[in-house]
Protein chains: 2
Amino acid sequence: MTTPREKIIQTACNLLEQQGYHASGLNEIIQASGAPKGSLYHYFPGGKTEIAVEAVGRAAETTARIVEEHLAAYADPDEGVRTLLEEIARRVEESGYAAGGPLMLVALETVNSSEPINHACRQAYRHIQSVFSRRLMAAGMNEAAADSLALLIVSTIEGATLLSRTLHSPQPLREAAGFLAEHIRRHLTSQPGG
Amino acid sequence: MTTPREKIIQTACNLLEQQGYHASGLNEIIQASGAPKGSLYHYFPGGKTEIAVEAVGRAAETTARIVEEHLAAYADPDEGVRTLLEEIARRVEESGYAAGGPLMLVALETVNSSEPINHACRQAYRHIQSVFSRRLMAAGMNEAAADSLALLIVSTIEGATLLSRTLHSPQPLREAAGFLAEHIRRHLTSQPGG
DNA sequence: GTCTATACGGTGATAGAC
DNA sequence: GTCTATCACCGTATAGAC
């Protein structure tokens, strides 16, 4: 069942990722989604803000699922993170550096202008952080250390994606992949249960 | 000598940093700068795009100077980077997470929509990267290794700033400070001349 | 639920007087 | 150099018919 509401949210996800909040007009979103134009405010009484909040939540779910899949596919978290970064680099490059980091642009644009959207972005990043953190705890780290390292992982991924897109090069993401994998492995092997 | 052109560029720097390109209107920039409104296209025949290009260049110079000062103030690059990150965290926190990372927002907004502005952002990041790289080479690293590590440093700073602003917490920047300093020190001590 | 029409303010940019 | 007036377009949001 693909409701008009669903199509609008998914289209908004892509447009916000590539263009950002202010550059993505309501008309553009509706037209690209193929959803009926007249029922926009029927499905989203909160207007553009509500669409963005829903899109950010959707982007967070999608991202968290991808992260989980990569982390679950390898016996060691450092290898999971490394392949995740390589996959991100592949996707960013494949899109011609037009896509990648579905949250960062909206997060920055709205940090000072929309409390509801900022709240959604915070929840999104905290959710993704928790996925990394749980995996690190399962590998033997205590909660505080896992949370700290998970936050660093998310920060590094976002920064490397930002630089890769801006510089039109996968190098920042590839550098980050090696750096993160090395750091994670070191922290795990220095743990009591390592 | 503070020409109207100069005032406009500096005002644009601040507004672009806080709100981004699409959210900062020409009227807003002119009014906030106190510059005469009628001479906008006399000083900037290229319109809004030219203002943004100039502002990005100015932001890059300012940032590079701050980085250089911190790196020059310490005998070891890892300590310079650590205090730089702490200074950034202080500034971001002090602004109420409204400012920080003068380039990232414009860089992301324009990566797919304005070639001239993207070019300015690329030059800006490359310039800042070279400041780190030169300091690492002075500490004994070879050029390739220094460039790689410098790119990672820039990526990590940008990502941590992004997360700190979004989450309204200095923690991402503080985590990044410790991890980067540790990583840099390790790389330097494993070098031949370390 | 979906449509069309429209209100209302804003945008970047230009023209021409001074 | 600076001003005012104005352009054509776009934005979000709403009203009312069906």
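Keep in mind that the numbers below use all heavy atoms, side chains included, and drop hydrogens, waters and symmetry copies. Labels below follow one simple rule: chain letters A, B, ... track the order of the sequence lines, proteins then strands, and each chain is numbered from 1.
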Distances for protein N or O near nucleotides 10-13 of chain D N or O, under 3.5 Å:
unit_1: D:dT12; atom_1: OP1; unit_2: A:Leu26; atom_2: N; d: 3.2
unit_1: D:dT12; atom_1: OP1; unit_2: A:Lys48; atom_2: NZ; d: 2.9
unit_1: D:dT12; atom_1: OP2; unit_2: A:Leu26; atom_2: N; d: 2.6
unit_1: D:dA13; atom_1: OP2; unit_2: A:Tyr41; atom_2: OH; d: 2.7
unit_1: D:dA13; atom_1: OP2; unit_2: A:Lys48; atom_2: N; d: 3.1
unit_1: D:dA13; atom_1: O5'; unit_2: A:Tyr41; atom_2: OH; d: 3.2

Rounded distance (Å) that lies between atom [atom2] of [N] and atom [atom1] of [X]:
X: A:Leu40; N: C:dT2; atom1: CG; atom2: C1'; value: 12 Å
X: B:His42; N: D:dT2; atom1: NE2; atom2: C1'; value: 9 Å
X: A:Phe44; N: C:dT2; atom1: CZ; atom2: C1'; value: 15 Å

Should the pair B:Glu86-B:Arg91 be classified as a salt bridge under the 4.0 Å nitrogen-to-oxygen rule? no
Presence of salt bridge, B:Arg82 and B:Glu79, under 4.0 angstrom: yes
Can you sort out which residues in residues 106-117 of chain B have a heavy atom within less than 4.0 Å of DNA chain D? Ascending by number, please. none
Run the side-chain contact (heavy atoms from CB on, under 4.5 Å) test against [X] and tell me which residues pass, sequence neighbours left out.
X: A:Glu69; value: A:Arg65
X: B:Ala99; value: B:Glu17, B:Gln18, B:Ser95
X: B:Ser155; value: A:Ala160, A:Leu163, A:Pro172
X: B:His70; value: B:Ile66, B:Thr83, B:Leu84, B:Glu87

Evaluate side chain to side chain donor-acceptor pair (under 3.5 Å) for A:Arg174 paired with A:Gln171, printing each intermediate quantity in order. CA-CA 5 Å; A:Arg174 300 211 196 285; A:Gln171 196 196 350; over 6 Å; no
Give me each pair satisfying salt bridge (charged side-chain N to carboxylate O under 4.0 Å, His left out) with a member in residues 33-44 of chain A, each pair once, sequence neighbours excluded. none
Clusters formed by hydrophobic residues whose side-chain heavy atoms approach within less than 4.5 Å: which one holds B:Tyr74, and what are its other members? none
Name the pairs: protein N/O against N/O of nucleotides 3-6 of chain C, kept only if under 3.5 Å.
unit_1: C:dC3; atom_1: OP2; unit_2: A:Lys37; atom_2: N; d: 2.9
unit_1: C:dC3; atom_1: OP2; unit_2: A:Gly38; atom_2: N; d: 3.0
unit_1: C:dC3; atom_1: N4; unit_2: A:Gly38; atom_2: O; d: 3.4

Which atom pairs, donor and acceptor, lie under 3.5 Å between side-chain atoms of residues 45-57 of chain B and protein residues at least two apart or in another chain?
unit_1: B:Lys48; atom_1: NZ; unit_2: B:Tyr21; atom_2: O; d: 2.9
unit_1: B:Lys48; atom_1: NZ; unit_2: B:Ser24; atom_2: O; d: 3.0
unit_1: B:Glu50; atom_1: OE1; unit_2: B:Gly46; atom_2: N; d: 2.6
unit_1: B:Glu50; atom_1: OE2; unit_2: B:Arg5; atom_2: NH2; d: 3.3

B:Glu115, CD atom: more than 12 neighbouring heavy atoms under 6.0 Å: yes
If you fit an axis to the five pairs at each end of the helix from C:dG1-D:dC18 to C:dC18-D:dG1, how big is the angle between those two axes, to 10 degrees? 10°
Mind checking salt bridge (charged side-chain N to carboxylate O under 4.0 Å, His left out) for B:Glu28 and listing every partner two or more places apart, or none if nothing turns up? none
Any chance the rings of B:Phe179 and A:His187 have centres within less than 6.0 Å? yes
